[in-house]
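Each remark here refers to the structure printed beneath this line.
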Amino acid sequence: GNPMKSLRHHSLQQLKVLGCLLNKSELNRQELMFILSELPTHGLLGFKEFLPKIHEINSSSIFKATVVKKNILWTACQSELQKSNLLKSSDAMKRLYGEKSFFYKNPKSASNVIIIAFTTMFNNFHFSNAVLASILFKSGHSFLIVKDTTESFYLNGIPDFGSDFEESALNLQYFLVNEGFKSIRIMSYSAGGYASILYASKIKDVSNIICFSPRTDYSEGGSHQAGEAFERIRNKLPGYLCKNLKDIVDFSRFSTSIVFGSENKVDQSHAQNLLNESNIKLLKVRGCDHDTPSALLASGKFDKVMSELFF
């Protein structure tokens, strides 16, 4: 097995391992690829110091171009963290990197808006939850970051809110009413995408949703690939929830924006699956694969997309 596989989840443990690897004098290829895939999404520790080590191992021009892109992403993540002052709160950082939901109620905000973010099975938004929180602080709204690292795509519930879908939707609704929120906005990425729309359809007062690279059809034998991670656990999920969203969700209740990368044919087909539903906007990000949020962040366009489609 691959020892790095279990470490693909963002956690304090992953950060610790990255820190240890950065201090090693010799890195093998697997360690190098692990650092290159994970470190830039945190914007923490040092990336610049690590660059010379990489080039000793591989100096091909394609590889160099990848490293340049990763460096830009690391810098963008670091910049968001610095602007938000989150790094000064070790408690908040611990909670963002942990597996429990993260709730921030803005004490200064008179608005009754809340943003709910559904993160991926790797406990991130491709960039870290801390970077996500830093971006959400700027909106001035309260927010709730929910997590499901059980790799059940939230279809067996939101771990902090219930032990199945119905109970979680109900408890999420109670929570929102209790806290006095009247306008609910939902954002999600990848594995969180499908479920975020499903939960939105069960909650009152949802005004808009933005999904980055979501799946929209989990029907068995459907014409859109559900993906290998999903097929692996399909038999552990409630069948009535694994459908084509357009058959089970009333999209006229809220506006939905789907952001997808032009280079990912599967994501494109899942986006186009909803093309004829009401209140749907599709945004294609050119030259981008599945990693739409981090690609937009690295190119300086994430805020613009969010303010046009969401905030």
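Quick note: numbers below take in every heavy atom, side chains included, and nothing from hydrogens, waters or symmetry partners.
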Task: Ring geometry between Y218 and F230 (parallel below 30°, tilted from 30 to 60°, perpendicular above 60°) - done: parallel
TODO: Calculate, to the nearest 0.5 Å, the distance between atoms CH2 and OG belonging to W74 and S294 respectively.
DONE: 16.0 Å
TODO: Could you please spell out the steps behind the side chain to side chain contact (heavy atoms under 4.5 Å, CB included) verdict for T119 and T149?
DONE: CA-CA 9 Å; T119 56; T149 56; over 6 Å; no
Task: Test of ring centre spacing under 6.0 Å for Y104 and H141 - done: no
Task: H9/Y97 under side chain to side chain donor-acceptor pair (under 3.5 Å): CA gap, chis, key distance, verdict - done: CA-CA 10 Å; H9 288 78; Y97 273 100; over 6 Å; no
- [ ] Report whether L170 and L198 are members of the same hydrophobic cluster (ILVMFWY, side-chain heavy atoms less than 4.5 Å apart, transitive linking).
- [x] no
TODO: Check V131 against C77 and note the closest heavy-atom contact, atom names and distance.
DONE: CG2-CB, 3.8 Å
Task: Student check: side-chain heavy atoms of N208 and N279 closer than 4.5 Å - done: no
Open item on the list: I'd like to check the side-chain contact (heavy atoms from CB on, under 4.5 Å) partners of A271; sequence neighbours left out, ordered by chain and number.
Closed with: I258, F260, L282
Open item on the list: Looking at S299 and L296, would you say the former's side chain and the latter's main chain have a donor-acceptor pair under 3.5 Å?
Closed with: yes
- [ ] Decide yes or no on side chain to side chain donor-acceptor pair (under 3.5 Å) for D164 and N156, but give the supporting numbers first.
- [x] CA-CA 5 Å; D164 63 29; N156 286 328; over 6 Å; no
Open item on the list: Give me each pair satisfying salt bridge (Lys or Arg N to Asp or Glu O under 4.0 Å) with a member in residues 207-226, each pair once, sequence neighbours excluded.
Closed with: R215-D267
Task: Residue pair T150 / D148, side-chain donor-acceptor N/O under 3.5 Å - done: yes
- [ ] Taking all heavy atoms of L86 and all of M93, pick out the closest pair and write down the distance.
- [x] O-CG, 3.7 Å
Open item on the list: For Q225, I'd like to know if atom CD has over 12 heavy atoms of other residues, nucleotides or ligands within 6.0 Å.
Closed with: no
Open item on the list: Side chains of L297 and E80, heavy atoms from C-beta outward: is any pair under 4.5 Å?
Closed with: yes
Task: Residues T120 and N124: side-chain donor-acceptor under 3.5 angstrom - done: yes
Open item on the list: Walk me through whether L275 and I280 qualify under side chain to side chain contact (heavy atoms under 4.5 Å, CB included).
Closed with: CA-CA 7 Å; L275 193 57; I280 295 275; 5.8 Å; no
Task: Pairwise distance NZ(K304) to CG(L309) - rounded to 0.5 angstrom - done: 9.5 Å
- [ ] Answer with yes or no whether the hydrophobic clustering places I62 together with L51; edges join I, L, V, M, F, W, Y residues whose side-chain heavy atoms lie under 4.5 Å apart.
- [x] no
TODO: Using distance alone, with no hydrogens and no angle criterion, decide if N123 and N129 have a side-chain donor and acceptor under 3.5 Å apart.
DONE: yes
- [ ] Report yes or no: does E31 contribute a side-chain atom to a donor-acceptor pair with the main-chain N or O of N28 at less than 3.5 Å?
- [x] yes
Open item on the list: If hydrophobic clusters are built by linking Ile, Leu, Val, Met, Phe, Trp and Tyr wherever their side-chain heavy atoms come under 4.5 Å apart, do V266 and I233 end up in the same one?
Closed with: no
- [ ] Verify whether the ring centers belonging to Y199 and F118 lie closer than 6.0 Å.
- [x] yes
Task: Set of ring pair (Phe, Tyr, Trp, His ring centres under 6.0 Å) partners for F311, sequence neighbours left out - done: none
TODO: Check whether any side-chain heavy atom of F161 lies under 4.5 Å from a side-chain heavy atom of Y154, and answer yes or no.
DONE: no
TODO: Taking all non-hydrogen atoms of both residues into account, name the closest pair between L132 and A117 and its distance.
DONE: CD2-CB, 3.9 Å
Open item on the list: Just by distance, no angles: are the side chains of Q14 and H42 close enough, under 3.5 Å, to form a donor-acceptor pair?
Closed with: yes
Open item on the list: For the NZ atom of K100 and the CD1 atom of I145, what is their distance to the nearest 0.5 Å?
Closed with: 15.5 Å
- [ ] Return yes when atom NZ of K265 has more than 12 non-hydrogen atoms of other residues, nucleotides or ligands closer than 6.0 Å, and no otherwise.
- [x] yes
- [ ] Report yes if the side chains of I116 and M187 come closer than 4.5 Å at any heavy-atom pair, otherwise no.
- [x] no
TODO: Please find out if less than 6.0 Å separates the ring center of F153 from that of Y194.
DONE: no
Task: Test side-chain contact (heavy atoms from CB on, under 4.5 Å) applied to S142 and L136, N112, N106, the passing residue - done: N106
TODO: Measure across G98 and K147 and return the closest heavy-atom pair with its distance rounded to 0.1 Å.
DONE: O-NZ, 2.8 Å
Show me the donor-acceptor pairs within less than 3.5 Å that the side chains of residues 173-181 make with the rest of the protein, sequence neighbours left out.
{"residue": "Q173", "atom": "OE1", "partner": "K204", "partner atom": "N", "Å": "2.7"}
{"residue": "E179", "atom": "OE1", "partner": "K105", "partner atom": "NZ", "Å": "2.8"}

- [ ] Inspect the surroundings of NZ in K83 and state if more than 12 heavy atoms from other residues, nucleotides or ligands are less than 6.0 Å away.
- [x] yes
TODO: Report yes or no: do H126 and S190 form a side-chain donor-acceptor pair below 3.5 Å?
DONE: no
Task: Heavy atoms of other groups near K48 NZ, more than 12 under 6.0 Å - done: yes
Open item on the list: A side-chain contact here means heavy atoms from C-beta on lying under 4.5 Å apart; do L245 and F251 qualify?
Closed with: yes
Task: Y189-F122 aromatic ring centre distance below 6.0 Å - done: no
Open item on the list: Please enumerate all residues that pass side-chain contact (heavy atoms from CB on, under 4.5 Å) together with S163, with sequence neighbours excluded.
Closed with: E167
Task: Residues clustered with V68, ILVMFWY side-chain links under 4.5 angstrom - done: I72
- [ ] Output the distance between atom OG (S101) and atom CG (L96), rounded to the nearest 0.5 Å.
- [x] 11.0 Å
Task: Spatial distance of atom CD1 (I209) from atom CD1 (I184) [nearest 0.5 Å] - done: 11.5 Å
Open item on the list: Under the criterion side chain to side chain contact (heavy atoms under 4.5 Å, CB included), I'd like the reasoning laid out for I115 against S139: C-alpha separation, chi angles, the key distance, then a yes or no.
Closed with: CA-CA 9 Å; I115 295 166; S139 73; 3.8 Å; yes
Open item on the list: Nearest 0.5 angstrom please: L18 CG to L39 CG, how far?
Closed with: 5.5 Å
TODO: Check the side chains of S213 and T292 for a donor-acceptor pair under 3.5 angstrom, ignoring hydrogens and angles.
DONE: yes
Open item on the list: For a 4.5 angstrom cut-off between non-hydrogen side-chain atoms, does P40 reach N71?
Closed with: no
Task: pair L81-Q78: side-chain heavy atoms closer than 4.5 Å - done: no
- [ ] Say whether V113 and M306 are linked into one hydrophobic cluster, either directly or through other cluster members, by side-chain heavy-atom distances under 4.5 angstrom.
- [x] no
Open item on the list: Looking at H270, is its backbone amide N or carbonyl O close enough to the side chain of T216 to form a donor-acceptor pair, meaning the two atoms are under 3.5 Å apart?
Closed with: yes
Task: Minimal non-hydrogen separation, S262 against Q268, with atom names - done: O-OE1, 3.6 Å
Task: Basic-acidic side-chain contact under 4.0 Å: D303, K138 - done: yes
- [ ] For the residue pair E38 and T41, establish whether any side-chain heavy-atom pair is separated by less than 4.5 Å.
- [x] yes
Open item on the list: Please give me the minimum heavy-atom distance between F143 and I114, naming the atom from each residue.
Closed with: CA-CG1, 3.9 Å
Open item on the list: For E99, I'd like to know if atom CD has over 12 heavy atoms of other residues, nucleotides or ligands within 6.0 Å.
Closed with: no
